[in-house]
Amino acid sequence: MAGALGMFAVGAGGLDVAVAMAGYGFSLECPKVVGVELRGELPGWVQSKDVILELLRRYGVRGGVGRVFEFIGAGVSTLSVTDRGTICNMITELGATAAVFPGDGRTREWLAVQRREEDFAPLTADPDASYDETEVIELRELEPLIAKPTSPGNVVPVREVAGTQTVQVCVGSSVNSSYEDLATAAAVLREDIVHPGVEMTVTPGSRQILDTISSSGVYQDLVGAGARMLEPVCGPCIGVGQAPSAGVPSVRTFNRNFPGRSGTVGDEVYLCSPATAAATALRGEISDPRELGDPSDITPAPSDPNVDDRQILDPPRPEEARNVEIARGPNIVPPPEGQPLPETLEGRIVIVVEDDVSTGDMAPDGALGMSLWSNIPECARYMFRRQDPGFHDRALEWGGGFIVGGHNYGQGSSREHAALAPLHLGIRAVIARSFARIHRRNLISQGIIPLLFREEDDYERVNQGDEWSIQDVREAVAAGKQTLTVNTNNGAEIELEVKLSPREGEVVLSGGILKFLRGE
Amino acid sequence: MAGMNGSQNLTYKLLGAHLLGGDLVPGEEIDLAVDQVLIEDATGSMTALQFEALEPDRVNVPLAVMYVDHNVLQIDDKNMDEHR
């Protein structure tokens, strides 16, 4: 999201973040850069959410892997910093590394309102800079878009699904929770009420936004229309409250609609802009906001957003820090640690999962799921529960083994619990058709080796319960060898590809980054 | 990537200004200096445990901020225990 302020901001797993925070820096695969030229200006009722949905429509949830999307062109200055934040927030849904906007007049404007103008520095590409790939978006040609269940990449024009009845509309959370987003919803609902058949919730993005909508009257407009105002947290986006009915459309301005993420098995979550969400809340069915006529003016934001950092606490001084006692409840359990890579990897295929499995399938969120995130043995009980409730017990019974996945294995959230849970269960290698960036790195950091099928179709030849033996793995990784051969109990030979940077190879050999950094 | 005349896109300017190791060539591993770290509470408690396991004396980046906005619904005592 910070890419909206000209930063290179990248999501990472907890251990990689801990390593960076300890001063070791952060390593990643140098990305390609896609220059996205924005031309013109968005038409009425079309919002920056529709820009990122357009990119998801073009690229899907895998097309952005290994890429940074850098926004350029005359259309950039038509987007506010919070508009840009919407795009940067969701760029990860393309599998991309990051999104970057320039630091320009709009950035300076935003920083000035936040009383931080002195932090501004102009940041732009050189006029004739080159890009590895280019993309053009004519903003004035965009229309309201919506991602259908159950993938952010499942994007169609709103008009194609207009008329679909809904019982729930949720606005806000980490994306589309800015003042303008909430004021847009309020403007649509100001003279009316939320459709009686719909539950509507609104989640402001921060304490500051809650404050500004309260003082401008947007809060009262929303309450008056019948919206339920939630506190400024993630809330329903990660399944903490508002779990919808199964098989009934819930329309949300959030960033992810992976199966079950809302807390309901068989959920049907749609992702769209605040304008589309508000029109839908008004009518009780998915609605193209352009049918509402000309957009009415939003209530202006107060000139002073009441900047107040008193609740950001400074760290204690070093001499005080030494005496801090950390309270640990019984649910805080030290995480498992990886082991050095052995010469031979042997075991059974504990599960074969489909394409685009998310980290939410490995370490579920929701109030129950997240309450177990400091307790990996308990958390691991829920791994792949949606795919196969028997996975956990089978993995323990078989003494670990291998996981086999399809494309884009481990997409979504950066949660490293998705790597710690299999580590706890004795999984030493994950073999997939392709991996999502952050999860792949989390596996390596925990000492689990990610391997690829040399022939993608070999995925079809693998069955749960197969016994695999991979010889001379350690030697191969140490030598930078790229091919491994699997001997299977049914006589088939399968070739695997090892694709690790030299440093990643060393981390895997050591048994994870903790052992690597300690020089073990 | 640099153009023939050395002109750069913004991404590579930002990466170049923070490069600790490696070359700015797509697909190659690079090491970056980190200005800021942001940690939320749901993945953050495990991050803190891992940070502890590294045994550093202090946080060693210019700015690190940890905030609570994920794990905020207390359905039993586990959550409150974690946030003490």
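Reminder, nothing fancy here: chain letters follow the sequence lines and each chain counts from 1. Treat the numbers as computed from the prediction; the structure is a model and nothing was measured.
B:Lys13 pairs by the side chain to side chain donor-acceptor pair (under 3.5 Å) definition with A:Asp126, not counting sequence neighbours.
Both the backbone and the side chain of B:Ala53 come within contact range of chain A, with heavy atoms under 4.5 Å apart. Both the backbone and the side chain of A:Leu123 come within contact range of chain B, judged by heavy atoms closer than 4.5 Å. For B:Pro56, the part lying under 4.5 angstrom from a heavy atom of chain A is the side chain only. The contact between B:Ile39 and chain A is made entirely by side chain atoms (from C-beta outward), counting heavy-atom distances below 4.5 Å. The contact between B:Val25 and chain A is made entirely by backbone atoms, counting heavy-atom distances below 4.5 Å. Using a 4.5 Å cut-off between heavy atoms, B:Leu14 touches chain A through its side chain atoms alone. For A:Leu420, the part lying under 4.5 angstrom from a heavy atom of chain B is the side chain only. Interface residue A:Glu231: only side-chain heavy atoms are found under 4.5 Å from chain B. Of the atoms belonging to B:Leu54, heavy atoms from both backbone and side chain fall under 4.5 Å from chain A. Heavy-atom distances place the side chain of A:Leu372, and not its backbone, under 4.5 Å from chain B. Only the side chain of A:Gln446 comes within contact range of chain B, judged by heavy atoms closer than 4.5 Å. The parts of B:Leu32 that come within reach of chain A are both its backbone and its side chain, each placing non-hydrogen atoms under 4.5 angstrom from that chain. With a 4.5 Å cut-off on non-hydrogen atoms, A:Pro502 does not touch chain B at all. Interface remark: A:Val333 contributes backbone atoms only to the contact with chain B (heavy atom separation under 4.5 Å). Contacts between B:Glu55 and chain A at a heavy-atom distance below 4.5 Å are absent for every atom of the residue.
Atom CZ of A:Phe8 is separated from atom OG1 of B:Thr11 by 7.0 Å, given to the nearest 0.5 angstrom. For the atom pair CZ (A:Phe71) and CG (B:Leu10), the distance works out to 12.5 Å, reported to the nearest 0.5 Å.
Looking at A:Arg328 and B:Glu52, a side-chain N of the basic residue comes within less than 4.0 Å of a carboxylate O on the acidic one, giving a salt bridge. Salt bridge annotation for B:Glu28-A:Arg503: absent, with no cationic side-chain nitrogen under 4.0 angstrom from a carboxylate oxygen.
The heavy-atom pair separating B:His70 from A:Val240 by the smallest distance is O-CG2, 4.2 Å.
In this structure, A:Arg317 places its CZ atom where only 12 or fewer heavy-atom neighbours from other residues, nucleotides or ligands lie under 6.0 Å away. Under a cut-off of 6.0 angstrom, the local environment of CD in A:Gln311 is sparse, with at most 12 non-hydrogen atoms contributed by other residues, nucleotides or ligands. Counting non-hydrogen atoms of neighbouring residues, nucleotides and ligands closer than 6.0 angstrom, the CZ atom of A:Arg518 exceeds 12 such neighbours.
Side chains of A:Asp128 and B:Ser7: a donor on one and an acceptor on the other come within 3.5 Å.
Side chain of B:Asn9 to backbone of A:Ser130: a donor-acceptor contact under 3.5 angstrom is found.
Looking only at heavy-atom pairs under 4.5 Å with chain B, the residue among A:Pro318, A:Gly23, A:Gly66 that has the most is A:Pro318. Considering only heavy-atom pairs separated by less than 4.5 Å from chain A, the leading option among B:Gly22, B:Ser45, B:Ala33, B:Ala42 is B:Ala42. Of the listed residues (A:Ile238, A:Ile376, A:Ile326, A:Leu517), the greatest number of heavy-atom pairs within a distance under 4.5 Å of chain B belongs to A:Ile238.
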